[in-house]
Amino acid sequence: MGTDHAGIATQMLVERKVQAEEGLTRHDLGRDKFLDKVWQWKEESGGNITRQLRRLGASVDWNRERFTMDEGFYTAVQEAFVRLYDDGLIYRGKRLVNWDPKLHTAISDLEVVSEDEAGHLWHMRYPLADGEKTLDGLDYIVVATTRPETMLGDAAVAVHPQDERYQHLIGKFVDLPLVTRRIPIIADDYVDLEFGTGCVKITPAHDFNDYAMGQRHGLTMINVLDQDAAILAVPEVYSTDGKPQVQHDEHIPLIYQTLDRYAARDCIVSDLQKAGLLEKVEDHTLKAPRGDRSGLVIEPLLTDQWFVSTKPLAEPAIAAVEDGRIEFVPKQWQNTYFSWMRDIQDWCISRQLWWGHRIPAWYDDEGNFYVGRNEEEVREKHNLGNINLRQDEDVLDTWFSSGLWTFGTLGWPEMTDALKKYHPTDVLVTGFDIIFFWVARMIMMTMHLMKHEDGSPQVPFKTIYVTGLIRDESGDKMSKSKGNVLDPLDLIDGISLEDLLTKRTGNMMQPQLAKKIEKQTRKHFPEGMAAYGTDALRFTLCSLASTGRDIKFDLGRIEGNRNFCNKIWNAASYVLLNCENQDCGQTGGEVELTLADKWIISRLQRTEQKVLAALDSYRFDHAAETLYSFIWNEYCAWYLELSKPVLWDDQASAAQLRGTRRTLVCVLEAALRLAHPLMPYITEEIWQKVKPLVGKGGDSIMLEAYPEFDASKIDEQAEADLNWVREVIEGVRTIRGEMGISPARPIPVLFSQGQTADQEKLNANSQFLIKLAKLESVTWLEAGDEVPLSAMALVGEMEVLVPMAGLIDKDAELARLQKELGKLDAEMKRLNGKLGNAKFVDNAPVDVVAKERAKLAEAEAAANALRQQVEKIQSI
RNA sequence: AGGACUAUAGCUCAGUUGGUUAGAGCGCUACCUUGACAUGGUAGAGGUCGGCAGUUCGAAUCUGCCUAGUCCUACCA
């Protein structure tokens with residue numbers, strides 16, 4: 001159990017807090033004081049996730065709780081960095097990175113989100129140098145851009161090598177307007193002939209594609225932006241390999257210097273227009289890359305950063321999933337993983353932040369750097385003596401440390417007992433949105449750093465269970481900044497509308513959305529949220545955990561499951577009421593089981609079998625559904641009712657009473673254990689009361705064995721017989737319900753056309769029938785006995801008859817029978833069509849055909865019986 | 001631009017290798033405070049499984065195309 005330090009998000013949050021409360025920036029405070037503030041905040045609010053997990057009843061190893069910024073974990077992070085560096089997998093270099101001008105840090109590709117935004121495409125005329133002309137006789141070519149301000153850093157204009165319009169210009173030059181710079185026209189097949197004019201301005205220091213082209217063509221890189229994305233006074237010039245060129249004659253006109261990028265853009269556009277160099281401006285939708293934390297458009301910027309060379313790490317990580325050492329559940333997610341891993345880019349791991357793991361590298365005054373576990377080690381290793389050294393100011397990407405989680409938490413780099421015992425771990429449960437961020441990086445880091453004794457790589461875990469993403473009531477991804485989150489604690493404890501509104505709109509990053517969120521919240525939660533409890537919440541999350549990628553949270557489901565908890569509670573109180581201080585057979589004694597007892601024991605086995613299979617295959621929804629249906633629809637709805645005629649029977653023998661009580665408590669106890677992982681609290685609470693009745697003395701249901709299904713206790717005969725009982729009862733109830741006979745009124749029932757087997761079942765179970773169908777009497781009719789005019793239900797061939805006299809309206813019963821007949825006719829028509837088709841009879845498997853024949857025969861028999869009944873009633 | 005996923009009752013979702021009368025919860029209708037439970041009980045209504053073709057004796061399930069929606073990846077200056 002543990003948490004990571006969420007570098008960027010946390011630093012941002014604390015910066016805002018300090019700004020709001022004290023009006024200070026982090027630079028005002030200084031690094032150490034600012035970090036104190038972060039730790040302070042961590043102490044106050046860092047326990048939120050932990051608290052939520054505790055309330056949710058997570059059964060984790062609290063003794064081994066870790067935080068990625070713990071001292072011990074820092075050791076692991078440093079060690080990993082040093083080893084990767086020594087293995088040649090970490091390098092430092094001047095590269096183009098995604099720069100966040102607000103947070104002043106590099107961020108990884110994954111932290112950049114691009115969405116369509118309305119923008120413009122500016123077409124600019126670049127005059128040809130040396131009197132060159134285009135084929136049309138113009139003395140300029142036209143390039144288009146969405147970021148005109150970058151033209152200050154242009155190093156070339158590129159055309160496609162096969163483009164006939166410009167072939168004669170390749171190798172010639174243009175005079176870059178506004179700055180006096182002569183830049184070459186180069187040929188590169190990256191250029192799209194079809195797009196725009198076919199001419200592209202190339203700014204290697206400010207665009208990723210241009211950077212790549214600059215590398216291919218040996219272009220100089222001219223950086224014109226500072227850390228705030230404002231225009232520099234003096235451009236920084238680098239050679240293709242990233243070496244700074246101190247002596248250069250590049251310059252930026254005074255009027256643009258220090259202007260913000262957007263102000264500079266306006267200024268440049270207007271200057272070009274004045275100079276007659278603006279061909280046109282078009283509306284253009286572009287994908288604007290924004291930092292996912294700051295929301296600002298990121299700027300590709302040339303900076304010194306640390307990178308992990310990921311290709312060598314990715315290979316074994318791909319193989320581990322390919323050969324099944326690691327499995328994704330559901331399997332389809334491996335495709336997501338593969339597609340990313342097979343096209344992986346080097347990972348920029350340095351962040352210009354204060355909150356995080358400081359990079360273990362030291363610089364001397366000449367700018368040389370040395371990597372080591374600490375300053376002493378570095379000095380010693382490189383024989384540096386007493387020269388000046390300063391540590392790298394930057395910290396590592398949070399995911400770098402999270403990637404070490406499975407072994408870093410167990411004491412690595414020490415080979416602790418825990419590490420030997422628990423690594424590799426078994427299952428990672430996670431969301432698909434961090435397969436790249438976390439899962440892939442964990443696999444890469446672990447396989448490189450953790451080896452078995454034979455030297456082969458250890459995987460971090462064997463199974464990755466990918467959960468759906470819980471979405472809000474409108475289907476949107478929940479996000480604190482959007483204000484549409486549901487705190488699990490509020491679902492557990494309940495919350496008033498006012499408090500919910502305050503919570504959702506209180507800490508928003510985009511306050512302009514507050515109104516919308518308020519409206520939405522009032523609509524969906526007009527009275528806030530009721531308290532549903534942990535068990536209902538957990539059970540609901542399980543029951544929604546199907547294979548889809550989205551889980552739209554539905555209050556209706558949790559409410560239904562709260563009622564389910566209530567149902568279990570009430571059932572348990574019935575069991576305790578009837579079993580506490582009674583002989584439940586816990587100390588032996590003769591036991592006689594009724595049909596109902598045998599039936600519910602048999603059904604329990606099937607339930608156990610299904611739940612176990614569901615858990616094995618990570619189908620928590622199936623497990624939940626199976627438990628719900630067994631406990632409510634079988635145990636409560638039928639078995640508890642069937643136990644009453646036995647328990648309340650003065651004539652019942654001690655063995656019968658003992659048998660029923662024992663079955664009541666044993667099945668309940670087993671069901672509690674079965675349900676415990678899904679609903680921990682209520683099962684524990686009830687189990688404590690039930691355990692003495694089953695002769696158990698354990699301290700907690702948590703420590704009890706999980707139920708195992710016992711095939712020998714499956715009783716097909718009992719299941720069939722009890723189905724017969726149910727059908728009779730349901731037949732009578734249907735007549736009662738549809739004929740409007742008061743449930744309070746006991747009614748006589750006659751049985752006609754039955755077989756010997758039916759009669760035996762009737763004799764054995766009449767007490768059940770009388771109680772559950774509220775019967776006044778049961779009468780078995782032999783062939784030839786006089787049959788009074790009755791409403792009829794069929795159980796197989798046997799007719800269950802409720803005499804109409806004084807109870808039932810003739811027309812109503814006729815209508816009911818006609819409706820039934822209508823259904824049967826449709827059924828018969830369908831089956832006749834099927835069986836009349838020679839192709840079906842010839843080609844379908846025999847058992848399928850036999851099944852259809854049996855269905856038809858049954859439907860025909862039932863229809864005949866009903867038709868006769870209709871005639872009989874009509875004839876009077 | 002590639003790739004993936006989703007489409008089943010008013011709502012939220014199941015439906016395993018093609019053979020059910022297509023299911024559950026909530027909601028809805030009628031009746032019922034009977035000794036575990038009205039956060040309940042009993043009985044019911046409600047779906048041409050997004051559309052069109054195809055494969056098959058047989059398709060919610062397999063194939064193709066289309067429509068609608070969601071997401072991911074890569075992006076054109």
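So that the names make sense, note that chain A is the first sequence line, chain B the second, and so on, each numbered from 1.
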A.B. asks: Evaluate the side-chain contact (heavy atoms from CB on, under 4.5 Å) criterion for residues A/Ile464 and A/Thr430: first the C-alpha distance (whole Å), next the side-chain angles of each, then the deciding distance (0.1 Å), finally the verdict.
C.D. replies: CA-CA 7 Å; A/Ile464 303 160; A/Thr430 191; 4.1 Å; yes

A.B. asks: Using atom C1' in both nucleotides, what's the gap between B/rC32 and B/rG23 to the nearest angstrom?
C.D. replies: 27 Å

A.B. asks: Measuring only the P atom in each nucleotide, how far is B/rG18 from B/rC62? A whole number of Å is fine.
C.D. replies: 8 Å

A.B. asks: Mind checking the P distance from B/rA60 to B/rA53? Whole angstroms is fine.
C.D. replies: 15 Å

A.B. asks: Can you check the distance between B/rU17 and B/rC75, where both ends of the measurement are the C1' atom (answer in whole Å)?
C.D. replies: 41 Å

A.B. asks: According to a 3.5 Å limit on both distances, what stems of 3 or more consecutive Watson-Crick or G-U pairs are formed with RNA chain B?
C.D. replies: B:1-7 with B:67-73, B:10-13 with B:23-26, B:28-32 with B:40-44, B:50-54 with B:62-66

A.B. asks: For nucleotides 34-40 of chain B, which of its nitrogen or oxygen atoms have a protein nitrogen or oxygen under 3.5 Å away, and what is each distance?
C.D. replies:
{"residue": "B/rA36", "atom": "OP1", "partner": "A/Lys644", "partner atom": "NZ", "Å": "3.1"}
{"residue": "B/rA36", "atom": "O2'", "partner": "A/Ser573", "partner atom": "OG", "Å": "3.3"}
{"residue": "B/rA36", "atom": "N7", "partner": "A/Lys644", "partner atom": "NZ", "Å": "3.4"}
{"residue": "B/rA36", "atom": "N6", "partner": "A/Cys636", "partner atom": "O", "Å": "3.3"}
{"residue": "B/rA36", "atom": "N6", "partner": "A/Glu641", "partner atom": "OE2", "Å": "3.1"}
{"residue": "B/rA36", "atom": "N3", "partner": "A/Asn570", "partner atom": "O", "Å": "3.3"}
{"residue": "B/rA36", "atom": "N3", "partner": "A/Ala571", "partner atom": "N", "Å": "3.3"}
{"residue": "B/rC37", "atom": "O4'", "partner": "A/Asn570", "partner atom": "ND2", "Å": "3.4"}
{"residue": "B/rC37", "atom": "O2'", "partner": "A/Asn570", "partner atom": "ND2", "Å": "3.0"}
{"residue": "B/rC37", "atom": "O2", "partner": "A/Lys567", "partner atom": "NZ", "Å": "2.7"}
{"residue": "B/rC37", "atom": "N3", "partner": "A/Lys567", "partner atom": "NZ", "Å": "3.1"}
{"residue": "B/rU39", "atom": "O4'", "partner": "A/Asn563", "partner atom": "OD1", "Å": "3.2"}
{"residue": "B/rU39", "atom": "O2'", "partner": "A/Asn566", "partner atom": "OD1", "Å": "2.9"}
{"residue": "B/rU39", "atom": "O2", "partner": "A/Asn563", "partner atom": "OD1", "Å": "3.4"}
{"residue": "B/rG40", "atom": "OP1", "partner": "A/Asn563", "partner atom": "ND2", "Å": "3.0"}
{"residue": "B/rG40", "atom": "O3'", "partner": "A/Lys567", "partner atom": "NZ", "Å": "3.1"}

A.B. asks: Nearest 0.5 Å, what's the OG1-CZ distance between A/Thr336 and A/Phe436?
C.D. replies: 6.0 Å

A.B. asks: What distance, rounded to whole Å, do you find between the two P atoms, one in B/rA1 and one in B/rC66?
C.D. replies: 13 Å

A.B. asks: When all nucleic acid strands are considered with a 4.0 Å heavy-atom cut-off, which category describes A/Val191: base, sugar-phosphate, or nothing?
C.D. replies: base

A.B. asks: Please classify the nucleic acid contact of A/Arg736 as base, sugar-phosphate, or nothing, using heavy-atom distances under 4.0 Å.
C.D. replies: nothing

A.B. asks: When you compare the protein's N or O atoms with those of nucleotides 18-20 of chain B, which come within less than 3.5 Å of each other, and at what distance?
C.D. replies:
{"residue": "B/rU20", "atom": "O3'", "partner": "A/Lys855", "partner atom": "NZ", "Å": "3.4"}

A.B. asks: Is a side-chain donor-acceptor pair under 3.5 Å present for A/Thr285 with A/Asp116?
C.D. replies: no

A.B. asks: Quantified in whole Å, what is the C1' atom distance between nucleotide B/rG46 and nucleotide B/rA9?
C.D. replies: 6 Å

A.B. asks: Please set out all donor-acceptor pairs under 3.5 angstrom arising from side-chain atoms of residues 820-847 of chain A, sequence neighbours excluded.
C.D. replies:
{"residue": "A/Asn832", "atom": "ND2", "partner": "A/Met828", "partner atom": "O", "Å": "3.2"}
{"residue": "A/Asn837", "atom": "OD1", "partner": "A/Lys839", "partner atom": "N", "Å": "2.9"}
{"residue": "A/Asn843", "atom": "ND2", "partner": "A/Lys839", "partner atom": "O", "Å": "3.0"}

A.B. asks: When rounded to the nearest 0.5 angstrom, what is the spacing between CD1 in A/Ile631 and OH in A/Tyr639?
C.D. replies: 15.0 Å

A.B. asks: Taking everything shown except A/Glu776 itself, do over 12 heavy atoms lie less than 6.0 Å from its CD?
C.D. replies: yes

A.B. asks: Under 3.5 Å, which protein N or O atoms sit close to an N or O of nucleotides 43-46 of chain B? Give each pair with its distance.
C.D. replies:
none

A.B. asks: To the nearest 0.5 Å, what is the distance between SG (A/Cys542) and CG (A/Leu537)?
C.D. replies: 9.5 Å

A.B. asks: Among residues 278-288 of chain A, which contact RNA chain B at a heavy-atom distance under 4.0 Å?
C.D. replies: A/His284, A/Lys287

